2 protein chains.
Amino acid sequence: MSDNTNETTAAAEYDFHPMWESLGMDVPAHDMLLGAVGQMFGDVFLAQENRPASTDYLNQVVAGIHSGRIKEMLDKKASGEAKKIVGSFCLYVPEEIVIAAGGIPVGLCSGADWATDKVEEHLPRATCPLIKSFAGFKLGSVCPYIESSDLVIGENTCDGKKKAYEFMATQVNMYTVDIPNVHNAQTLELWKGEVRKLAERVEQETGQKITAESLKAAIKLANDKRRALQRLSATRAADPAPISGLDSLLTVQAAFMDDAERLTGAINAMADECEQRAADGVGVAPKGAKRILYTGTPMAVPNWKLFNIIEKAGGVVVGEEACTGSRYYKDLVDESGETVDEMLDAIAERYFGINCAIFTPNDGRIEDIVRMARELNADGIIDCSLQFCTLYEMESFTVEKAAEQAGIPFMHITTDYANEDAGQLTTRIEAFLEML
Amino acid sequence: MSDNTNETTAAAEYDFHPMWESLGMDVPAHDMLLGAVGQMFGDVFLAQENRPASTDYLNQVVAGIHSGRIKEMLDKKASGEAKKIVGSFCLYVPEEIVIAAGGIPVGLCSGADWATDKVEEHLPRATCPLIKSFAGFKLGSVCPYIESSDLVIGENTCDGKKKAYEFMATQVNMYTVDIPNVHNAQTLELWKGEVRKLAERVEQETGQKITAESLKAAIKLANDKRRALQRLSATRAADPAPISGLDSLLTVQAAFMDDAERLTGAINAMADECEQRAADGVGVAPKGAKRILYTGTPMAVPNWKLFNIIEKAGGVVVGEEACTGSRYYKDLVDESGETVDEMLDAIAERYFGINCAIFTPNDGRIEDIVRMARELNADGIIDCSLQFCTLYEMESFTVEKAAEQAGIPFMHITTDYANEDAGQLTTRIEAFLEML
C-alpha cells in the first residue's frame, strides 16, 4: 500500500512523457486526453459531497492511471518481477492464468470516443462505442495499456467484438478465446479446453510455466479482491447508502487496472469505513434518496456519464448488475483444487457462470437483477445499453418483463459516449426518480 | 412435375381463404400482402425481357407460394404422406434430417416489413429488417408457412437471431440449434453433437425414426437439388448471361419453399435451356452488359429490391455469394455413408463448411468471393448488408480489401426493406456500372 501512495503522489512531479514516447504513443494527443479526463474526474467525482475518506485511493488510481501505474508495470517487467503485460477487454479472460504465468493482467481503454475518423476506415459507423473506442485508442496511439501489452487476449462474445478482433489482430499481438452461446455440459467441456489453450498461449508468451503453487496463489489473489468487493457491495444495502454509485463503479474500473493486492487492501479499507458509516447512518446521499439498481452494458473509464446524471439528479446507484459491477466479483473460484488441472477446471467453471448477454437463454442474469434489486433495496431499475449493442438491447425486453413481474419500476436507456443526449437523459431520469 | 402444374394452374380458381382462416391467419391483411407481392412480381420479374421460357416454373412457384404450395403440404400431412411441417430461417438447419424423419422442411417468411409497430413492442427498433420481418409475419399472422409449421428450428448464428429466438419461442413450438464461432476439431465435434440432438428432436416431433434408407434418400434428394443449381449457376459464366440475377435468386428462394423433387426437375430444365442459350449466344441482357457478383446478407422473398435496381440499370447479376446463392448449393453431402451415424457425420461436415459471417475468421467466404468473381467473369462486386447486420457490415471491410487485392471493382451498400433509398441506390449503382 505505502509503495503505491508514494508512487502516485510522486506522479505529479515525475515527467512521464519520455515513457509515453518510448511506448510509441501520440504524446500531444495523449496530453489532451489526460487533461480532459482529469477535468471530468474533478467535475464528476471530486464534486461529490460526503464521500468516504477512503475513496481517496480511487483519486490516486485515476491520477496515476496512465502514468504511475504504467511505470510501475514497466519497472516490474524491467526488473524481471513480471514477465509480460497482458491486455484484455472482457471479464471472460481469467486473470488467474495471466498472473500464475508471471504476467500482469490489465483491462484496455475503451470508455471514450477517440480517433473516430480513423476507426471508420476499418469498422462500420453503426458499431457500439465501446468497440469503436478500443480501436480508436489503438489507432490514435493514446492507450498506454495497449501499447505496453505484449499480448492482447480477445474473446468471442458479441458479433461486434468477434469481428473487430479480426481487425485488431492486424494491429497487435492478439490471441482470441472462444466463448460458447449456450450453457450445457458439452459447451462447458469446450470452454475448459479453451481455458487450457489460453494457459498454454500465455505460458508461451511469458516463458513461465504455470505451477500448482503459482496458480493457487493467483486464485487466492483474485478471490481476495472479489471478497473485498463483495464486502463493499453489501454495505450499499443500507439507507442512506454509505458510498455513491460513481465511487462503487470506479472500484471495479480500478480493479481492471491496478495491482490486485493494493486494490484489495484499499477496497477492504473502504468496506471498513462503509460498514461503519452504515452502522452510524452516515450516507453519501440523504436517507430516502431514490435507490437505483443499474444493469446493462459495461462502463469503462471514463464512461461515468449515466451514473453522474442519476446521482446529480438526486438518486443513488446502489448496485450494478454488469461486467463493471457484480459480475466481476460475485462468484469466487473454488479454492479446493490442488493440481493445475483441478484448478484450471475450477477457473473454467467460475468464468462459465458469468451472465453475459451472449448466452441464450441468459436466465441467470435476469434472476440476479431481481435478487440484487431486492437485497440492495432498490426503488427502481435502470437498464442501459450502449447504442448498437444488439445483445443488451434485445435482452432489455426480457429484463423489463422480469422487473414488471417483480413489481419493480423499470427504465431502459440507449446511449453512447457523446454528451449530446445528456440533457434529454437528465430529463428522463429526473422524471423516473420522481415517479418512484 | 405435372401434379404441380395442375395444382398451381388450378390455384387461380380455388378459394384458399378457408385454409388461411383455419391456420388462424389474418386473412384480410394477408390478402393485402399477396396483392402487393403479386404486383411487385409483375413489375420486377414479368417486366424482364428475353427470359428463358423455362422460368415459367418460377412464375408458378410465386403464384402458388402462399396458396397451392401450402395446400399441397397440408394435404400431404392429412394423407399421412408427410408427418409434420418443419420451418426454419437459415441454411444451417439440415433439410436432410427433416426429410428423413418424414417432415417437410420449409423456409419461413422474412423478406418484407410487416406489423412493425407490434414487433417493436418485443424487439429493438435498431434490429435488422430480416429479424423484424419474421417476427412481424408471426405477430401479424400473415405467413402461412410459420402458421403451418409444427416445429420451428432456430439456430444460434448472429446476436440478433440468437436473442430474437428467445422471443419467438414464446410464440411457436421452437427448437434452437447451437452453431459455433470458430472452425476447429473441437467445435466440429460439438456441431456433430448438435446435429444428432436435432435429429432426435425432429424424430420426436414427427414420430418417425430416421433410418439409413430414409437418410440416404434424403441426402440424394438434397444433393440432386444442389447439383441442378450448380449446373444452372455455371451457365451464368457466359456472356451474354443466359438468365438474369433476379431469376437466379428466385431459384434459391424457391428452393426454400417448393417440393425438392419438383424444383430439381424445373431447375434442370432451366439449366438445359441456359446451356443451349449460352451455346447460341442468347442472353437475358446484351453481350457486354456489366456483370456483377453479389455478396452479402440473404434475400428472402419478396426482397428483390437490389437485384431489380442493378438489372434495371443495365447490369446483370451473374452470381450470388450468399445464403440465398452459392452457399445453398455449392457443397454436397458426401454420399458414401451407409449407417445413420456415418451419414449424420457427413451432413454435419457439409453444413459446417457454410461460410457464414458468424465464423471468425471467415476466410472461406473471402476466397469464394474472389473465385466466383473470376469464374463468372464478373466486372465488379456489390457487397450488401441489411441495416444493423453487425457481422456483414464488419466483414465488408475484409471483403473490400480482398476485392482490391484481386483488382476487382467493389461497392458496399447498406440497405433495408423499405423503398425510401431506391432512388439513391439507383444513382450509386448506375455510377458504379458506368465506372466498370
Side-chain angles (χ1 to χ4, degrees), chain A residues 120-128 131 154-167 169-170 176-187 189-194 197 357-363 366 385 387-398 400-401 412 414, chain B residues 120-128 131 154-167 169-170 176-187 189-194 197 357-363 366 385 387-398 400-401 412 414:
Chain A
E120 290 179 2
E121 288 170 23
H122 304 280
L123 298 175
R125 210 165 174 193
T127 298
C128 104
I131 293 171
E155 63 339 291
N156 291 330
T157 44
C158 64
D159 288 346
K161 286 211 274 177
K162 187 162 73 174
K163 287 283 147 184
Y165 293 147
E166 294 178 10
F167 165 67
T170 67
T176 302
V177 174
D178 189 36
I179 320 275
N181 299 302
V182 294
H183 285 117
N184 62 37
Q186 289 76 40
T187 55
E189 278 315 298
L190 194 84
W191 171 236
K192 285 182 177 175
E194 282 296 304
K197 280 197 280 179
I358 55 161
F359 286 100
T360 179
N362 192 23
D363 299 336
I366 308 304
S385 315
Q387 201 185 12
F388 306 123
C389 175
T390 304
L391 290 168
Y392 281 90
E393 285 284 29
M394 288 224 166
E395 207 159 277
S396 73
F397 291 84
T398 312
E400 180 165 16
K401 225 170 285 167
H412 178 68
T414 306
Chain B
E120 291 179 2
E121 290 169 23
H122 304 281
L123 297 175
R125 208 165 175 194
T127 298
C128 104
I131 293 172
E155 63 340 289
N156 291 330
T157 46
C158 64
D159 288 346
K161 285 210 273 178
K162 187 162 75 174
K163 288 282 147 182
Y165 292 148
E166 294 178 9
F167 166 66
T170 67
T176 302
V177 173
D178 190 36
I179 320 276
N181 299 302
V182 294
H183 284 116
N184 62 37
Q186 289 77 39
T187 55
E189 278 316 296
L190 194 85
W191 170 238
K192 286 181 177 175
E194 282 296 304
K197 281 198 281 180
I358 56 160
F359 286 100
T360 179
N362 193 24
D363 300 336
I366 308 303
S385 316
Q387 201 185 10
F388 306 122
C389 175
T390 304
L391 292 168
Y392 281 90
E393 284 284 31
M394 288 227 167
E395 207 158 278
S396 74
F397 291 84
T398 313
E400 180 166 16
K401 224 169 287 170
H412 178 67
T414 306

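To find a chain, count down the sequence lines: A is the first, B the second, and so on, and within it residues start at 1. What you are looking at is a predicted structure, and each value in this text was computed from that prediction instead of being measured.
Most heavy-atom pairs under 4.5 Å with chain A, from the set B:E393, B:K162, B:E400: that is B:K162. When A:A126, A:G160, A:S396 are compared by the number of non-hydrogen pairs under 4.5 Å with chain B, A:G160 comes out ahead. Contact tally against chain B (heavy-atom pairs below 4.5 Å) for A:T390, A:N156, A:L391: the top residue is A:L391. Heavy-atom pairs under 4.5 Å with chain A peak, among B:G193, B:S385, B:A357, at B:A357.
Heavy-atom distances place both the backbone and the side chain of A:Q186 under 4.5 Å from chain B. Interface residue A:I179: only backbone heavy atoms are found under 4.5 Å from chain B. In this structure, chain B has a heavy atom under 4.5 Å from the side chain of A:D178, while its backbone stays farther away. With a 4.5 angstrom heavy-atom cutoff, A:E121 touches chain B only via backbone atoms. Only the side chain of B:L190 has a heavy atom closer than 4.5 Å to any heavy atom of chain A. For A:T414, no part sits under 4.5 Å from any heavy atom of chain B, backbone or side chain. In this structure, chain B has no heavy atom under 4.5 Å from any part of A:F167.
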Test side chain to side chain contact (heavy atoms under 4.5 Å, CB included) applied to B:T127 and A:M394, step by step: CA-CA 9 Å; B:T127 298; A:M394 288 224 166; 3.5 Å; yes
A:N362/B:K163 under side chain to side chain contact (heavy atoms under 4.5 Å, CB included): CA gap, chis, key distance, verdict: CA-CA 10 Å; A:N362 192 23; B:K163 288 282 147 182; 3.9 Å; yes
Verdict with supporting geometry, B:N184 and A:K197, side chain to side chain contact (heavy atoms under 4.5 Å, CB included): CA-CA 13 Å; B:N184 62 37; A:K197 280 197 280 179; 3.8 Å; yes
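One distance of note links CG of B:N181 with CD1 of A:I358; it measures 7.5 Å at 0.5 Å rounding. Within the model, atoms OH of A:Y165 and OG1 of B:T360 stand 10.5 Å from one another, a figure rounded to the nearest 0.5 Å.
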